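Worksheet: the structure to be examined is printed underneath.
Note that the structure is a prediction, hence the values are computed from the model and not measured. Reminder, nothing fancy here: chain letters follow the sequence lines and each chain counts from 1.
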Amino acid sequence: MIKEQLAEVISDALKIAKTNGTLALETLPEVVLEMPKSRAHGDWATGVALGLARTLGMPPRDVAATIVGLLPIGGDSLIAKADIAGPGFINLTLRSDWLADILRRIEAQGAAFGQSHTGAGQSIVIEFVSTNPNGPITVAGGRNAAIGDTMASLLTATGYRVSREYYINDALNSVQMNNFGKSVFFRYRELLGHSGQEWDEMYRGEYVADVAREVLEKDGTAYENADIDDPQTTHIFRELSEAGMIAQQKTDLEAFGVVFDTWFSESSLHSDGRVKAAIDEVTRRGFTYEKDGALWLKATEFGDDKDRVLMRADGTPTYIAGDLAYHKDKFDRGFDRAINVWGADHAGYISRTKAGIAALGYDPNRLYVLLYQLVNIVKDGEVVMSSKRKGNILELKADLIEEIGKDAARFFFLMRSPHSTLDIDINLAKKTEKDNPVYYVQYAYARIAQAIQKARDEKNAAVPLAADANLSLLTEETEATLIKKLSELPDEIALSAAEYAPQRLVQYARDLAAVFHSFYDAGNRSPALRVVCDDPETLKARLVLVSATQTVLRNTLTLLGLSAPERM
RNA sequence: GGGGACGUAGCUCAGUGGAUUAGAGCGUCUCCCUGCGAAGGAGAAGGCCGUUGGUUCGAAUCCAAUCGUCCCCUCCA
């Protein structure tokens, strides 16, 4: 991109200054370029001279003057003008056709515009959501899903080979799961006309009945007269309920636009010996010991607060033991890195997981845990405490997606930094449906589609190839601002991915939409500024411009998992 | 007590160590539709960026301390 080209040109100048001794440089600094907000400061600016001034012991403006003196300016060079401003900034004004280059590049790259290759050759498994199989995906789980799914897309766009994975916690302790199965059993009996039964630990949500209905549809009345306290029946219903619940979770997530490559079963790690193998491996490496009848991991040797039990005194493995086997398995499957998306309530588990990975002989830095802060559900002005057992949870699908739509819901989760606690006022979300900022962005897209349609209908003009349009006619300030904004997509994607910050890309989408709306609305004040204007050559140039904008908007919306509607 | 996250406009929040002017949405106040769909645009008001120090030519941003809010510190998963 242009930014890299400019950085290289400036680096070349610095190299010359270093070789001929004009600047006493030991190493070449990184040249950071940015687009100034004000056009008075040129197209691009760098503060590299300010950073060098100190080490060189020279006034920053003198350093800047030296660099500027060595830059190729005018003629064939990309740089038309270089000014020194303020304390020592170098402001660059580029050759007038640099903006047209951006449009040509977008046209050539199409759906690939914005992608980069920093992650080429590296593979990542990103594990997210991973809700227990005794309840549906909640509204809170939606935040996890939105963040994980978008991060996976962002990493893919930066060249990584990415696999989306869901860890099924199907080795849940039997008391919880048996209770769940039992709850389903009684709902099943109710569906067959028998009287229900209530007890304290019963699961009460609507979804319990949904699972029961699935069992009925699948196996009919086979269990009508079964005795739930018989171990055989308990086991059967535990399995049936689990499978039904997981199927429901899968449906919920698909409605949210999230599709996993792998649904990984925790219990499979136990049943085929991988958990035992992981424990043996850690023991072989000398990082376990026995105390009080249990087997402990020497987690403190790897920076954890305390040692952790791997095998209980009763001989059963702990959750951590399974987790170690799971992470070992990820690396053994060939993934270079693992990313886990966890809620803030699991922050304390990071150090023990990394300790376990290190004890197994892997570099713990291959795991990155993306923590997001909690979601508070606010209803009638108060934070709702939810409980799966009591059945007062808010479900992602029923309470959010079906109320405000998939796009609005995803946008809402993604627009905030994962580090900020997120309050969702469920009443407000419903009421302000039309105010959701996602429509602002989508409307920009729809407006373009309509303008292109209008050009076809009224002027019999299709979007031409950039090569067939005179792009130098795009001289309006609003046009230049729009093109510059389009050129920022690759950087925005790279930054959002590198910083695990999907909200950056959301911000970009909103900025781009704002710049476009401003450009477009100028046409409402003056017909000559319309896309569909009277001058045929200007019309062609503007069609290239809005078509490029459409490409960039579509690429951005796609990465965020949002639809790009032609009309709204 | 230890670890983590966060304190930015009335509210909800963005903000990569740089330039007279710290941004957006909502809310408040003005303007702009016989239209390229106003789900939009132009503008106004509203900020000692929690506080105090430090580093720097330069700090909302980096460092330290401090105050406040939230989360976590099971042989639960």
- For A/Tyr520 and A/Phe516, what are the C-alpha separation, side-chain angles and deciding distance, and is it a ring pair (Phe, Tyr, Trp, His ring centres under 6.0 Å)? CA-CA 6 Å; A/Tyr520 193 81; A/Phe516 170 78; 5.4 Å; yes

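- A salt bridge links A/Lys330 to A/Glu127: at least one charged side-chain nitrogen sits closer than 4.0 Å to a carboxylate oxygen.
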Mind listing the N/O atom pairs, protein and nucleotides 25-31 of chain B, below 3.5 Å?
{"unit_1": "B/G25", "atom_1": "O4'", "unit_2": "A/Arg510", "atom_2": "NH2", "d": "3.3"}

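- In this view, A/His270 satisfies the ring-ring contact (aromatic ring centres under 6.0 Å, His included) rule with no residue, not counting sequence neighbours.
- Atom CG of A/Asn460 is surrounded by 12 or fewer heavy atoms from other residues, nucleotides or ligands within 6.0 Å.
- For a distance-only test at 3.5 Å, the side chain of A/Tyr349 fails to qualify as a donor-acceptor partner of the base of B/C72.
- Ion pairing between a basic and an acidic side chain is recognised when a charged N comes within 4.0 Å of a carboxylate O; A/Glu488 and A/Lys484 show no such pairing.
- Along RNA chain B, the nucleotide closest to A/Asp423 and the one closest to A/Tyr520 are compared, and the more 5′ of them pairs with A/Asp423.
- Between A/Asn376 and B/C70, a side-chain N or O to OP1/OP2 separation shorter than 4.0 Å is absent.
- For the side chain to side chain contact (heavy atoms under 4.5 Å, CB included) with A/Val441, the lone residue among A/Leu553, A/Leu562, A/Val506 that qualifies is A/Leu553.
- Side-chain contact between A/Leu512 and A/Leu486: present, with at least one pair of heavy atoms (C-beta onward) separated by less than 4.5 Å.
- Contact of the A/Met245 side chain with the A/Phe180 side chain is registered, since non-hydrogen atoms from C-beta on lie closer than 4.5 Å.
- One C1' atom belongs to B/A9, the other to B/U55, and the distance between them is 30 Å to the nearest Å.
- Between A/Asp305 and A/Arg352 there is no salt bridge, since no side-chain nitrogen of the basic residue lies less than 4.0 Å from a carboxylate oxygen of the acidic one.
- For residues 309-321 of chain A, proximity to RNA chain B is found at A/Val309, A/Arg312, A/Ala313, A/Tyr319, defined as any non-hydrogen atom under 4.0 angstrom from a strand atom.
- Pairing of B/A22, defined by two Watson-Crick or G-U wobble distances under 3.5 Å, is not identified with any nucleotide.
- Residues A/Phe519 and A/Leu545 have side chains in contact (heavy-atom distance under 4.5 Å, counting atoms from C-beta outward).
- Residues A/Lys291 and A/Ser526 each lie close to RNA chain B; by heavy-atom proximity, the contact nearer the 5' end of the strand is made by A/Ser526.
- Straight-line distance from the OH atom of A/Tyr443 to the P atom of B/A39: 5 Å, rounded to whole Å.
- Considering CZ of A/Arg61 and CD1 of A/Ile90, their distance stands at 11.0 Å, rounded to 0.5 Å.
- Between B/U56 and B/C63, the distance separating the two C1' atoms is 12 Å to the nearest Å.
- No cation-pi contact links A/Arg410 to A/Phe413, judged by a cut-off of 6.0 Å to the six-membered ring centre and 45° from its axis.
- With a cut-off of 3.5 Å on both Watson-Crick or G-U wobble distances, the partner of B/A44 is given as B/U28.
- For the salt bridge (Lys or Arg N to Asp or Glu O under 4.0 Å) test, no residue two or more places apart in sequence or in another chain qualifies with A/Lys354.
- In this structure A/Glu537 satisfies the salt bridge (Lys or Arg N to Asp or Glu O under 4.0 Å) test together with A/Lys540, sequence neighbours excluded.
- Taking side-chain N and O atoms only, A/Tyr439 has no distance below 4.0 Å to OP1 or OP2 of B/G40.
- Straight-line distance between the P atoms of B/C48 and B/G54: roughly 22 Å, to the nearest whole Å.
- Across all strands shown, the partner of B/U69 is B/A5, judged by Watson-Crick or G-U wobble contacts whose two distances both fall under 3.5 Å.
- B/A22 and B/G3 are spaced 32 Å apart, taking the C1' atom of each and rounding to whole Å.
- Within the structure, the salt bridge (Lys or Arg N to Asp or Glu O under 4.0 Å) test picks out the following pairs touching residues 510-532 of chain A (sequence neighbours left out): A/Arg447-A/Asp521.
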Got a list of protein N/O to nucleotides 42-46 of chain B N/O distances below 3.5 Å?
{"unit_1": "B/A42", "atom_1": "OP1", "unit_2": "A/Ser518", "atom_2": "OG", "d": "3.1"}

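- For the ring-ring contact (aromatic ring centres under 6.0 Å, His included) test, residues two or more places apart in sequence or in another chain that qualify with A/Phe128 are A/Phe260.
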Using a cut-off of under 3.5 Å, enumerate the N/O to N/O pairs linking the protein to nucleotides 1-3 of chain B.
none

Scan nucleotides 54-56 of chain B against the protein and return all N/O pairs shorter than 3.5 Å with their distances rounded to 0.1 Å.
none

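- Nucleotides B/A5 and B/C76 have their C1' atoms positioned 24 Å apart, rounded to a whole Å.
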- Task: Using a 4.0 Å cut-off on protein heavy atoms (strictly under), produce a 5'-to-3' string for nucleotides 14-23 of chain B with B for base contact, S for backbone-only sugar-phosphate contact, and - for none.
- Result: SSB-BB----

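- Across all strands shown, B/A59 has no partner, as no Watson-Crick or G-U wobble contact with both distances under 3.5 Å is found.
- Taking side-chain N and O atoms only, A/Lys306 has a distance below 4.0 Å to OP1 or OP2 of B/U74.
- With its glycosidic angle within 90° of 0, B/C33 is assigned syn.
- Atom NZ of A/Lys276 sits in a sparse spot, with 12 or fewer heavy atoms from other residues, nucleotides or ligands closer than 6.0 Å.
- Side-chain contact between A/Val32 and A/Val48: absent, with no pair of heavy atoms (C-beta onward) separated by less than 4.5 Å.
- A distance of about 42 Å separates the C1' atoms of B/C32 and B/G58, rounded to the whole Å.
- B/C29 and B/G46 have their P atoms separated by 16 Å, given to the nearest Å.
- Nucleic acid contact for A/Asn524: base, since at least one base atom lies under 4.0 Å from a heavy atom of the residue.
- Side-chain proximity of A/Asn132 to the nucleotides B/C72, B/G40, B/A77 is greatest for B/A77.
- Ring planes of A/Tyr167 and A/Tyr326: parallel class, angle under 30° (limits at 30 and 60°).
- With B/A38, B/G41, B/C36 as the choices, the nucleotide that has an atom nearest any side-chain atom of A/Asp521 turns out to be B/G41.
- For B/A19 and B/C57, the C1' atoms lie 13 Å apart once the distance is rounded to whole Å.
- Comment: A/Glu479 engages A/Arg542 in a salt bridge, judged by a side-chain N to carboxylate O separation of less than 4.0 angstrom.
- For A/Arg447 and B/A38, the shortest distance from a side-chain N or O to OP1 or OP2 is below 4.0 Å.
- Scored by the ring-ring contact (aromatic ring centres under 6.0 Å, His included) test, A/Tyr319 finds no partners at all (sequence neighbours excluded).
- Of the candidates B/C36, B/A5, B/C75, B/C75 carries the atom nearest the A/Ala294 side chain, counting heavy atoms from C-beta on.
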